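Bear in mind that the values here come from a model prediction, so they are computed numbers and not experimental data. Throughout, protein chains are lettered first and strands after them, A, B, ... in sequence-line order, and every chain is numbered starting at 1.
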Protein chains: 2
Amino acid sequence: MATAKSKKPAAAKNGKAKAEHGTSLITAFREIRELIVHGRLSPGTWILEADLAERLNMSRTPVRGAIHWLQREGYVLEHRNVSKSRMIVAPLTKEDANELYRIIGSLEGIAGRGVTQLPEGQRKPITTQLRALNERLSHIASGQSGHPGEIFEIDRDFHRLIIKYGAGPRLTTLHGGIEPQTERYWRLYASSIIKDLHTSVQEHETIIRAVESGDSDAVDTALQANWLRGADRLGHVIDIFGERGSW
Amino acid sequence: MATAKSKKPAAAKNGKAKAEHGTSLITAFREIRELIVHGRLSPGTWILEADLAERLNMSRTPVRGAIHWLQREGYVLEHRNVSKSRMIVAPLTKEDANELYRIIGSLEGIAGRGVTQLPEGQRKPITTQLRALNERLSHIASGQSGHPGEIFEIDRDFHRLIIKYGAGPRLTTLHGGIEPQTERYWRLYASSIIKDLHTSVQEHETIIRAVESGDSDAVDTALQANWLRGADRLGHVIDIFGERGSW
DNA sequence: CGAGGTGCGTTTGCATACAGTTCTGCGTTT
DNA sequence: AAACGCAGAACTGTATGCAAACGCACCTCG
């Protein structure tokens with residue numbers, strides 16, 4: 001495949017697929033990231049520029065740029081040491097998960113400190129929102145009703161709130177680059193998440209209380225603990241099902 | 001400038017300027033980063049692809065990619081909200097410095113924890129190296145002899161050692177992207193660094209002792225404190241000399 | 001029969017051409 | 001004289017062509 005592609009050379013001319021907003025490069029970046037995160041590009045498989053370009057109805061240039069971005073953020077690795085890199089989708093390993101979760105926990109810890117340094121008038125509505133999200137999680141935990149996707153989204157929103165109010169521009173960008181990668185692992189983890197959900201709810205409750213008390217160290221610690229526990233739970237699942245999952 | 005540049009269209013054909021190793025894109029990335037870090041591209045000024053391409057003797061394509069990398073890492077920002085980004089060299093502000101130092105301190109804290117978890121046989125030679133570097137700093141501090149560049153390099157090597165032995169691949173990459181940005185601020189700071197050098201030496205000593213004792217929390221805390229103190233000192237200088245420095 | 005070399009195909013990386021958009025500067029009009 | 005509008009230029013973003021390099025397979029020689 002991806003051999004003689006003289007079929008749609010200027011197919012994107014009539015602006016069919018670029019209907020979204022933003023530039024093609026950003027579109028390509030998001031699309032390819034989605035493909036990787038959702039597992040449509042399996043971990044360990046190698047990436048073909050021309051193939052993706054055709055799939056996204058654009059030229060190789062923006063696709064190329066997007067792949068390089070993804071490489072820098074860790075979604076893509078280069079096989080073979082130097083020169084003429086052959087890009088592969090980053091595999092999912094236990095060590096990588098541990099490192100990834102440690103990093104994001106640490107970053108969110110910083111953001112959590114930022115939240116505590118807001119005046120109390122601003123902190124109050126934030127805790128209200130956090131509590132509302134955690135309520136929903138708690139409700140799902142007791143009712144065993146929600147499907148994994150919903151749980152994931154609520155949890156993600158919970159953490160994003162902290163970033164939104166506690167992180168500066170740099171930290172926000174950094175987090176935005178790393179956070180989606182946790183979704184790759186989360187999908188592995190989804191199977192066994194529901195039974196541990198109450199633990200997560202409790203950890204979140206600890207975080208909220210720390211925010212309310214305004215104790216920076218406690219917030220930092222609680223956020224890191226939440227992620228580290230997540231890494232532990234994830235590591236357990238990986239031990240059972242094997243690395244790289246069953247995509 | 002950067003107007004009608006029909007002079008050296010295929011000048012790079014004979015492989016004159018690409019004599020180094022690696023691809024052009026990586027070369028461009030390093031070169032432009034150097035230009036920014038060393039202040040030859042002043043903070044706040046806007047970046048012209050064509051101009052840089054001519055300066056580096058290559059086409060706009062790799063330059064373009066490099067600029068996008070730099071943007072993602074925070075060396076470059078886009079002026080004008082969305083669409084048709086006009087890139088500018090990231091300005092140096094007090095808030096940014098604080099955020100930057102907090103982030104890198106946190107990341108090195110993780111690496112520090114990693115170091116403490118090595119078996120003692122491997123940890124010993126590391127502390128020896130750390131001590132040797134700190135000796136040199138201490139010597140300079142008492143003799144008031146070294147020039148700022150040397151001090152910077154020794155301090156950088158100190159922190160890089162911790163990354164080298166305590167960080168995984170992800171953390172190493174992340175740190176490698178962020179660390180050079182501290183140099184931009186360090187140059188601002190250079191003027192008043194020598195008189196505070198003994199403080200830095202003491203902080204390093206604390207770090208080393210924490211590593212020796214194998215106390216993860218202590219190492220983490222000590223590293224973060226070192227960076228936070230640095231940010232404080234830097235903030236003081238910025239208050240005096242004004243933002244954006246006197247490049 | 002095995003091992004090493006060579007040649008071809010595929011793919012990446014770079015350069016350049018082209019189109020769209022925005023900013024600037026000058027002229028005209030009120 | 002000042003302000004608004006138009007025209008022109010310049011810069012960014014994208015597409016495509018071209019060359020070199022990597023990998024694989026086949027063929028040949030020991």
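Residue A/Glu49 contributes atom CD, which lies 15 Å from atom C1' of D/dT14 at whole-angstrom precision. Across the protein-nucleic acid pair, B/Glu78 atom CD and D/dC11 atom C1' stand 15 Å apart, rounded to whole Å. Between B/Asp51 atom CG and D/dC11 atom C1' there is a gap of 12 Å when expressed in whole angstrom units. The interatomic distance linking A/Phe29 (CZ) with D/dG13 (P) rounds to 16 Å, in whole Å. In this structure, the CG atom of A/Leu25 is 19 Å from the P atom of C/dG20, given to the nearest Å. Look at CE on B/Met58: it is 12 Å from C1' on C/dG13, rounded to the nearest Å. One can place CD of A/Glu54 at 15 Å from C1' of C/dT11, the figure rounded to the nearest angstrom. Rounded to whole angstrom, the span from the CZ atom of B/Arg64 across to the C1' atom of D/dC11 amounts to 10 Å.
The list of salt bridge (Lys or Arg N to Asp or Glu O under 4.0 Å) pairs with a residue in residues 167-177 of chain B, not counting sequence neighbours, reads A/Asp96-B/Arg170.
Of the residues near DNA chain D, A/Pro62 and B/Ile47, the one whose nearest nucleotide (by heavy atom distance) lies more toward the 5' end is B/Ile47. Judged by closest nucleotide on DNA chain D, B/His68 is the one of B/His68 and A/Arg60 placed further toward the 5' end.
Residue A/Ser59 has no polar side-chain atom (N or O) positioned under 4.0 Å from OP1 or OP2 of D/dT16. Proximity of A/Thr61 to the phosphate of D/dT14: no side-chain N or O atom is located under 4.0 Å from OP1 or OP2. Considering only side-chain N and O atoms, A/Arg86 lies nowhere under 4.0 angstrom from the phosphate OP1 or OP2 of D/dG23.
A donor-acceptor pair under 3.5 Å links the side-chain atoms of B/Tyr185 to the main chain of B/Thr93, judged by distance alone.
The overall bend of the helix from C/dC1-D/dG30 to C/dT30-D/dA1, read as the angle between its terminal helix axes built from five base pairs each, is 10° when rounded to 10 degrees.
One side chain, A/Arg187 or A/His38, offers a donor N or O that lies under 3.5 Å from an acceptor on the other.
By the salt bridge (Lys or Arg N to Asp or Glu O under 4.0 Å) test, B/Arg33 pairs with no residue at all, sequence neighbours left out. A search for side chain to side chain donor-acceptor pair (under 3.5 Å) contacts involving B/Thr182 returns nothing, not counting sequence neighbours. Checked against ring-ring contact (aromatic ring centres under 6.0 Å, His included), B/Tyr75 has no partners two or more places apart in sequence or in another chain. Among residues two or more places apart in sequence or in another chain, the salt bridge (Lys or Arg N to Asp or Glu O under 4.0 Å) test is passed with B/Glu49 by B/Arg60, B/Arg64.
Residue A/Ile67 is classed as having no contact, given no heavy-atom separation below 4.0 Å to the nucleic acid.
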